[in-house]
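Remarks on the structure that follows.
Naming convention: chains lettered A, B, ... in sequence-line order (proteins, then strands); numbering from 1 in each chain.
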Amino acid sequence: MKHTTKITSLFKRGILGSLLLTTIVVGCKHSGKNTAVIGDDAASKVYVAPGKYDDFYLFTSGGFSGQMGVYGLPSGRLFKVIPIFSQNAENGWGYSEETKPMLQTSHGFVPWGDSHHPQLSRVDGMYDGRWIFINENNTPRIARLDLKSFTTSEIIEIPNCAGNHSSPYCTENTEYLIAGGRFSIPVPNKDVPISTYKENFKGVLSLVKVGPTDGKLDLAVQIVLPPFDYDKVRGGKGPSKDWFFVTCYNSEKANTMLEVNASQNDKDFVLAVNWKKAIEYLNAGKAKEMNTPYCHNKMDESTQTATSETLKSEKMLDPKDCPGMLYYMPCPKSPHGCDVSPDGEYITASGKLAAMIPVFSYSKMAKAIESKTFDGDVEGIPILKYDAVIAGVVQKPGLGPLHTEFDDKGYAYTSMFLSSEIVKWKLGTWEVVDRIPVYYSIGHLCVPGGDTKKPYGKYVIALDKITKDRYLPTGPEECQSAQLIDISGEKMKMILDFPTIGEPHYAQAIAADMLTKNNQKIYKLEDNKNPNAIKSEAESKVVRKGNEVHIYMSCIRSHFAPDNIEGIKLGDVVYFHLTNLEQDWDVPHGFAVKGNNNSELLVMPGETRTLKWVPDEVGIVPFYCSDFCSALHQEMQGYIRVSDKNSKVELKWSLNEQK
Amino acid sequence: MKKNILLTTVAAVVLLFGMNSCGNKEENNTSEATTVAPAANPSAGGGAASVKDDDSQPNIVKVASGSKDHTTLVAAVKAAELVDVLAQSGPYTVFAPTNAAFDLLPKGTVEGLLKPEKKADLQNILQYHVTTSMYSESMFRDGLKLGMANGGSVVISKKDGKLMVNDANIVGHVAASNGIIYIIDKVLLPTQ
């Protein structure tokens, strides 16, 4: 009877019928599991009608893809994959001459990265919609993405660091980003036996300054630390705004079989870092000079061309010279997650191996520091007494607590890796009020605005590590998966599964209108200062410089200028400088050359991109537009004649030249 | 318009059919999902243990379920709603008391623990038998302390080739896809 009522009411909503039908049929076909937790009107809650916009942008890290995914909520629709740390043959990122310098590091060109934590820029603890930052774990770097164009503007390498995982979380006003390593290494790096870990290895935290108007990144100062693994970090806000809180595991200082040897101590630590004090000590000249090289790569907006600069000077603070800058708070069992409540008072830190979630109090921490309520020290860094800083404990919340985000109603949501669920609990009383299973093995979770002073609430997104049977299977490698859960009511309700790129390690969501109002539709041709740009077909030309041939080419619906080129010889290195003359939204052109040992190009309206090509055989080589642009896209093509090395064929180019 | 009516009719028929076929499950799960239990996975029937997969190496749940000597343990794991947990990726090391080990407990203990109102106690005891990481025998050294899922810890002793966990003898082991099971002759009782 209950069901009948439900059906009638849903069918009154007309178009929802077929969507609902799909959901339920799939649910029942497959052991009925979807019906277990799906909200009654899930379909209507995630349905965004054709042509309508989603309410939120969701930015997910690409994990081992090195990129960032852009999705809509509540629909879960994927809009874009923004290339950052990995070459992207699909649009030429890291292949074109303009973008290659973005992937330069002190180790040379690195074509791949592992991106983990998106972090939206903010003012007074609230997202401002200007930039999003993301870390690269493997070859430590931080990127800044511009949220007008949804492109990568800047990448800075972090020297003296390994496994840049506790990164790139920011301060309340985006004054600084922090970057710390999950690996300790010798600092400066040197050739030592691995067994001398305890003597020779160090942890390093870095503070990266963010330009207040242009967002430009600048490595301000580094802090040398005991050789723990620095895993996750959050910036404080409100009363705690001068602090970062960093979880540390492996206080055992193990260098082998960490799964056993880093799990021996009953307590590890949360490190509290007073970043304001660090800057004061830097300004007071307390830092020592270090000279580890690192790269700083910037995309110039007007030339649309990246440059890579190698820097060799960093400032290193030793905690011994900096009293009041660092404190350790004991924390049970290898903590990973670290999160700060909207009011800035509570710091949660959860270890996968702990049977509870300890919640620290900022005000108690401040008092304990003032009254010097210490319980020993680590290499001179005071350890605050556990009882003096703990605000409360969520007892037996589930198995494998990891990360916590907050809603707008005083509740916290913690992911449980082992028991594969999200647990909702109340700040202040620490009581568990609801729980919902997720599929499977959740890592991070995201509440829109969940790390700001005023979370939007509304949803929690589960970012799962294992997918197994959730979708139609695709062989041994299944898609990655996220799940959307409605938290607007008392009980959490699962309303959507959606596949994601790479590993959706962490995500942040921002109200759509914060970004749509600034969205960039085209690059203005008149502002294009790329030295290889041409502003009209009349300017197209081919120039030989020794064995280098530069083809200054334009494209517009539906031809390239020039489209016939002769006089290229074996042994030449050819550069296509392609300018898209369109000034119309969503009309990129593609460019592909037969047999090129390189990617294709996608060139946005008003943009210039350069593709290198080394011809390898004599004959005729076609090229064409690879992005379906117009009614005559298939006609948008050209030919290049490649002659023998000693040929006398003259360099010649043309468009529409009649015989 | 005709099409719409047809679609609605078909949809309604399939919906009703669908609900008949899984109506029970839906009701069960709804009630469980709304219960605030103190721990573990409330999604009996919908979690990792119900993944259909006959190709992979059997996981801990499947291995234990196939052992005649562990029927008490398996029943207890079900009652404590830990089936889905032990089917997750882990990896786990599980110390699995045999039926004979449970029989050593005072009479009525097991029956008492299996009662719904004792679920938290049962979970505490069973979670005391589980740790994350897959410890091979060679990783065990005398005096090694293992933090268990309930928050307590056990100590391994390794003397003259004899392997023990707390006061229980380790009498054998079985590998599973998501961990390893050590068969023990006594139930481990957590210290409070």
Side-chain angles (χ1 to χ4, degrees), chain A residues 3-4 7 10-11 14 17-18 20-21 24-25 27-38 257 259-260 263-264 266 332-334 352-356 395-400 416-421 424 431-441 465-466 468-469 491-494, chain B residues 4 7-8 10-12 14-19 21-26 28-30 32-43 45-48 50-53 82 84-85 88-92 120 123-124 127 130-135 139 144-153:
Chain A
H3 292 311
T4 318
I7 294 161
L10 279 168
F11 274 82
S18 59
L20 178 84
L21 165 70
I24 299 217
V25 167
C28 293
K29 246 184 176 172
H30 197 42
S31 76
K33 86 171 89 170
N34 288 347
T35 56
V37 284
I38 280 191
M257 187 63 98
E259 67 173 314
V260 178
S263 308
Q264 291 301 296
D266 287 333
K333 290 278 175 199
S334 301
K352 261 185 280 201
L353 309 176
M356 42 96 102
Q395 291 289 359
K396 300 237 169 182
L399 295 177
M416 300 285 156
F417 181 80
L418 293 175
S419 51
S420 193
E421 59 188 329
K424 177 182 177 183
E431 64 181 321
V432 173
V433 296
D434 193 23
R435 56 181 66 240
I436 189 168
V438 291
Y439 306 95
Y440 303 95
S441 305
K465 305 295 190 196
I466 307 276
K468 295 257 191 206
D469 62 345
K491 297 283 176 197
M492 292 182 274
K493 286 179 185 168
M494 187 167 288
Chain B
N4 282 345
L7 176 67
T8 312
V10 172
V14 177
L15 271 172
L16 288 168
F17 173 75
M19 272 174 317
S21 68
C22 61
N24 280 344
K25 258 179 189 151
E26 186 178 8
N28 284 345
N29 288 328
T30 306
E32 275 165 18
T34 53
T35 305
V36 181
N41 192 332
S43 98
S50 65
V51 173
K52 270 186 103 178
D53 176 8
L82 290 170
D84 283 322
V85 170
Q88 303 283 359
S89 58
Y92 300 110
Q123 284 176 335
N124 188 38
Q127 288 172 9
V130 178
T131 185
T132 47
S133 327
M134 189 176 340
Y135 287 89
M139 286 157 71
L144 182 72
K145 195 172 78 173
L146 307 182
M148 309 309 279
N150 78 327
S153 52

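Only the side chain of I466(A) comes within contact range of chain B, with heavy atoms under 4.5 Å apart. Looking at K424(A), neither its backbone nor its side chain comes within 4.5 Å of chain B, counting heavy atoms on both sides. Both the backbone and the side chain of S441(A) come within less than 4.5 Å of a heavy atom of chain B. Residue M356(A): no heavy atom, backbone or side chain, is found under 4.5 Å from chain B.
Inter-residue side-chain proximity for E259(A) and T132(B) is flagged as unmet; no heavy-atom pair is nearer than 4.5 Å. Side-chain contact between V85(B) and M416(A) is absent, with no heavy-atom pair separated by less than 4.5 Å. A 4.5 Å side-chain heavy-atom check between D84(B) and Y440(A) finds every atom pair outside the cut-off.
Under the 3.5 Å distance criterion, the side-chain polar atoms of S133(B) are left unmatched by any main-chain donor or acceptor of V260(A).
To the nearest 0.5 angstrom, Q127(B) atom CD is 4.5 Å from L399(A) atom CG. In this structure, K145(B) NZ and S263(A) OG are separated by 11.0 Å, a value rounded to the nearest 0.5 Å.
With 3.5 Å as the limit, one finds no donor-acceptor pair spanning the side chains of N150(B) and K396(A).
No more than 12 heavy atoms of other residues, nucleotides or ligands shown are found within 6.0 angstrom of NZ on K468(A).
When every heavy atom of Q264(A) is checked against every heavy atom of L144(B), the shortest pair comes out as NE2-CD1, 3.8 Å.
Highest contact tally toward chain A, considering only G152(B), G147(B), S89(B), is held by S89(B) [criterion: heavy-atom pairs under 4.5 Å].
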